[in-house]
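Throughout, a chain's letter reflects where its sequence line sits, starting with A, and its residues are numbered from 1.
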Amino acid sequence: MPELPEVETTRRGIAPHLLGVTVSRVVIRNPSLRQPIPADLDLTLSGRTLQSIRRRAKYLLLAFDHGCLLLHLGMSGSLRVIGLNTPPGKHDHLDLEFGDRVLRLRDPRRFGLALWQPGAEPHPLLGRLGIEPLDDAFDGAWLYRASRGRKTPAKQFVMDGHHIVGVGNIYASESLHSARIHPATPIGTLGPRRCARLAEAIRQTLGAAIEAGGSTLRDFVHSDGKPGYFQHRHQVYDRAGQPCPQCGRTIRVMQMGQRSTYYCPGCQHR
DNA sequence: ATCGGGACCTGCTTGC
DNA sequence: TGCAAGCAGGTCCCGA
């Protein structure tokens, strides 16, 4: 499920219900995520008060005074705040109980993560992450500098979290379409103006999706509904064979780096 | 150093 | 209707 907009929507959805509240118990039903959930997490967190929830890339960082719980939703994860004693489903692997409410992690494919990082140091997994696309520092000049000499296709570059974080398969296709750049264009061949267009398209696409997600925040608790932006009509993603909303040409799909890549042969050029 | 491919998992859709 | 193949929004690790 989650690309950056859903992770950010999740953060905003759960934070008001949990900030400043003390963990009463941790229940691990199935520790087998991409890495095992630490078996002693109950011991680590019980009695501790949640200080903040931040996001870095697609990681959610739940900070306590003695360390930080890292959550990642992988391909299929989701988090809900529900009432205590709500019966768990088959793929509800982890509960953080906060008195009368529960933060529940569901993840059918189990590509997610729940890891504990003691102390104030950031977890090593965060060490090699690229720039946040919504940071002021991310702009056309940054992209131009970072991409010189590279032959990687533009789509793979913007999806590589060591360069730019949070741009997943959907928003990579959408951003490139918005910037009118063919996904296979070697990133290093883009000039300053196309770099500026692409950077702006990424910021704009992600920003709009977060805003759309915000419209469903009030339903976030007790709900299994998908965030609003997910019902939103994408311009090219998952629309192969349909007409491009911009120019009417037929949208195509190709494989790039094992992922389906949607583009419009009319709008997007190398 | 950079890049591509395989690996990790389950569930849903598609096609025979 | 049943079954197998193919595909899905992420990331890490390996080898060329």
Chi angles and distances behind the ring-ring contact (aromatic ring centres under 6.0 Å, His included) call for A/W116, A/H66: CA-CA 10 Å; A/W116 175 249; A/H66 65 317; 4.8 Å; yes
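- Here the separation of C/dT1 from B/dG11, taken at their P atoms, is 23 Å to the nearest Å.
- Heavy atoms of A/R259 sit under 4.0 angstrom from at least one base atom.
- Nucleotide C/dG10 holds its P atom 18 Å from the CD atom of A/Q35, rounded to whole Å.
- The only member of A/L84, A/L18, A/I82 that meets side-chain contact (heavy atoms from CB on, under 4.5 Å) when paired with A/R101 is A/L18.
- You'll find the side chain of A/Q156 stays beyond 4.5 Å of the side chain of A/H163, heavy atoms only.
- Here C/dC12 is the nucleotide among B/dT2, C/dG10, C/dC12 with the atom lying nearest to any side-chain atom of A/H162.
- Between A/K58 and C/dT11, a side-chain N or O to OP1/OP2 separation shorter than 4.0 Å is present.
- Considering every non-hydrogen atom in both A/K58 and A/L4, the closest pair reads CE-N, 3.8 Å.
- One interatomic measurement links the two molecules: CZ of A/R150 to P of B/dC3, which rounds to 6 Å at whole-angstrom precision.
- If you take atom P in B/dT14 and the same atom in C/dG9, they sit 15 Å apart, rounded to whole Å.
- For the residue pair A/T22 and A/T49, a side-chain donor N or O sits within less than 3.5 Å of a side-chain acceptor on the partner.
- Considering only side-chain N and O atoms, A/H72 lies under 4.0 angstrom from the phosphate OP1 or OP2 of C/dT11.
- Between A/D139 and A/A199 the shortest heavy-atom distance is C-CB, 3.5 Å.
- Between the CG atom of A/L73 and the P atom of C/dT11 there is a distance of 10 Å, rounded to whole Å.
- Between A/Q156 and the phosphate of B/dG4, there is a side-chain N or O to OP1/OP2 separation shorter than 4.0 Å.
- Closest contact between the side chain of A/L125 and the listed nucleotides C/dC12, B/dG6, B/dG4 involves C/dC12.
- Nearest to the side-chain atoms of A/S260 among the listed nucleotides B/dT2, C/dA8, C/dT11 stands C/dA8.
- For A/E3, the listed nucleotide lying nearest its side chain is C/dG10; candidates were C/dG10, C/dA8, B/dC3.
- Taking atom CZ of A/F157 as the reference point, atom P of B/dG4 lies 13 Å away to the nearest angstrom.
- When all heavy atoms are compared, the tightest approach of A/L113 to A/Q35 is CD2-N, 3.5 Å.
- The phosphate of C/dG9 has OP1 or OP2 within less than 4.0 Å of a side-chain N or O from A/Y237.
- The CD1-P distance, from A/I170 to C/dC7, rounds to 17 Å in whole Å.
- Note that A/R148 lies in the cation-pi zone of A/Y144, set by a 6.0 Å cut-off to the ring centre and a 45° limit from the axis.
- Across all strands, A/Y59 comes closer than 4.0 Å only to sugar-phosphate atoms, never to a base (heavy-atom distances).
- Atom CG in A/L60 sits about 15 Å away from atom P in C/dG10, given to the nearest Å.
- Heavy-atom neighbours of A/E121 CD from other residues, nucleotides or ligands within 6.0 Å: at or below the threshold of 12.
- Distance CD (A/Q255) to P (B/dG4): 14 Å, rounded to an integer number of Å.
- Look at the P atom in both B/dG6 and C/dG6: the space between them is 14 Å, to the nearest Å.
- The CZ-P distance, from A/R106 to C/dG9, rounds to 21 Å in whole Å.
- Residue contacts for A/G257: at a heavy-atom cut-off of 4.0 Å it reaches no nucleic acid atom on any strand shown.
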Salt bridge (Lys or Arg N to Asp or Glu O under 4.0 Å) assessment of A/R11 paired with A/E8: CA-CA 5 Å; A/R11 188 188 72 77; A/E8 179 60 23; 2.9 Å; yes
Pairing string, 5' to 3', for DNA chain B - Watson-Crick or wobble contacts under 3.5 Å, brackets [ ] where pairs cross, | to another strand: .|||||||.|||||||
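- A centroid separation of less than 6.0 Å is found between the aromatic rings of A/H182 and A/Y263.
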Protein-to-nucleotide contact annotation, 5' to 3' order, nucleotides 8-14 of chain B [B base; S sugar-phosphate only; - none; under 4.0 Å, heavy atom]: BBBS---
